[in-house]
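Each ligand, and each atom within it, is numbered from 1 in the order the structure gives. Index from 1, following the sequence.
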Amino acid sequence: MRILTRGSLQRLLKLTVVLGSLWMVLRLGFPEKGWAPTYILRYSWLEYTDADGSPEKIRLNVTHWTFNRHLLGRIPFGVDSILFIYSQFKLSRKYLPFPLSKEEEDFPLAYSMVVHNKVQNFERLLRAIYAPQNIYCVHVDNKSEASVFFAIQAITSCFENVFMVSQAVNVVYAAWPRVQADLNCMADLYNASTKWKYFINLCGQDFPLKTNLEIVRKLRSLKGANSLESETMAGEKKWRVSNVHQIVDGEIKVGIGKAKEPPPFNLPILSGNAYIVVNRGYIRSVLEDNRVLALIEWAKDTYSPDEFLWATIQRIPGVPGSSTILPSGE
Ligand SMILES: *[C@@H]1O[C@H](CO)[C@@H](O)[C@H](O)[C@H]1NC(C)=O
Ligand SMILES: *[C@@H]1O[C@H](CO)[C@@H](O)[C@H](O)[C@H]1NC(C)=O
Ligand SMILES: *[C@@H]1O[C@H](CO)[C@@H](O)[C@H](O)[C@H]1NC(C)=O
């Protein structure tokens with residue numbers, strides 16, 4: 001295992017800057033038509049206090065060195081592994097600069113983080129789960145304060161592997177948009193990288209109890225299975241999926257009374273949790289499997305679809321990592 005000392009990190013950074021400047025000199029010395037700039041230094045300063053007046057401010061001193069990807073591709077013998085992009089923010093907040101072990105490097109994870117306020121909490125959570133081999137999609141509620149959005153965007157802009165969701169929705173408690181937020185991140189994560197092995201979704205109030213290595217070991221021991229609740233739906237919850245529900249003035253209205261059609265393909269609706277740990281193949285099924293796509297359309301006017309959708313998909317035959325033996329009673 002590599003141990004990172006402060007001294008070695010500083011040396012590494014110095015090396016990066018020297019090489020970066022050197023490369024700029026080389027580049028300026030040999031201009032070629034049509035090449036974008038190779039070296040950009042961006043700098044921004046942001047001080048942010050949460051609206052609830054938390055005593056702590058978040059200070060972002062964001063200094064970026066950006067190297068043109070296209071040009072990096074031309075540099076021989078993997079120099080881009082040295083010319084990595086590092087920012088002042090990542091350094092001062094002590095984000096991990098490289099994977100702590102080969103085992104973790106070979107088992108990247110994808111995170112979806114659905115947040116709406118408390119930027120400091122978000123930043124602590126990100127720092128706690130951050131590893132450079134992982135990939136993170138952040139969904140900031142479209143209704144959030146503009147300052148929350150900009151502060152979180154400033155943080156994510158410091159990382160190659162942390163990004164804002166391409167489509168943010170207005171999240172409504174217990175209604176479809178909560179699922180849509182995760183779905184949009186799933187699509188972006190699936191598209192952004194083919195390497196990650198497992199998907200984990202979090203909200204802004206989560207905090208990890210395990211290190212990345214401990215999480216990786218647990219996930220490897222699942223041998224491709226998913227880890228999520230999928231139980232028989234209790235009788236007193238059935239109204240959630242047997243009646244049509246609508247969002248009125250930003251809230252879900254219960255008891256409009258109209259009965260829903262039965263689920264597509266007679267899928268048994270199961271009950272579970274909004275927070276899941278699933279493999280990449282499960283996400284592919286969510287995005288591409290016709291049965292799942294039909295179920296998603298059907299679920300859009302139900303109550304709290306986040307608490308049955310993932311659980312139901314988990315029992316569909318052929319979904320990678322699923323468990324098709326139904327719980328007794330179905
Ligand atoms: C931000 O970081 C840059 C580069 O390290 C430094 O020159 C500048 O003084 C810092 N700004 C503040 C306000 O701390
Ligand atoms: C996001 O918010 C804006 C402004 O309130 C609104 O016009 C837009 O429709 C919202 N987008 C979504 C996807 O809800
Ligand atoms: C995937 O990414 C490519 C570019 O990287 C983009 O053109 C395409 O629209 C994306 N697809 C989806 C489903 O997001």
Knowing that exactly one of W196, F199, Y130 qualifies, which makes a ring pair (Phe, Tyr, Trp, His ring centres under 6.0 Å) with Y136?
->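 Between Y136 and the candidates, ring pair (Phe, Tyr, Trp, His ring centres under 6.0 Å) is satisfied uniquely by Y130.
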Salt-bridge present (K218, E214; N to O < 4.0 Å) =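 Answer for the salt bridge query: no.
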Proximal protein residues to ligand 2, non-hydrogen atoms under 4.0 angstrom =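 Shell around ligand 2 (4.0 Å, heavy atoms): N142, A168, N170.
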At their closest point, which heavy atom of V119 faces which heavy atom of A151, and how far apart are they?
->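 Here V119 and A151 meet closest at CG1-CB, 4.0 Å.
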Exercise: identify the closest heavy-atom pair between E104 and L213 |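 Closest approach of E104 to L213, heavy atoms only: OE2-N, 3.3 Å.
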Disulfide bond (SG atoms under 2.5 Å apart): which pairs involve residues 113-155, sequence neighbours left out?
->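 Checked against disulfide bond (SG atoms under 2.5 Å apart) - neighbours excluded - the pairs reaching residues 113-155 are C137-C185.
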Main-chain N/O of A311 paired with N273 side-chain donor or acceptor, under 3.5 Å |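 No, N273 side chain to A311 backbone: no donor-acceptor pair under 3.5 Å.
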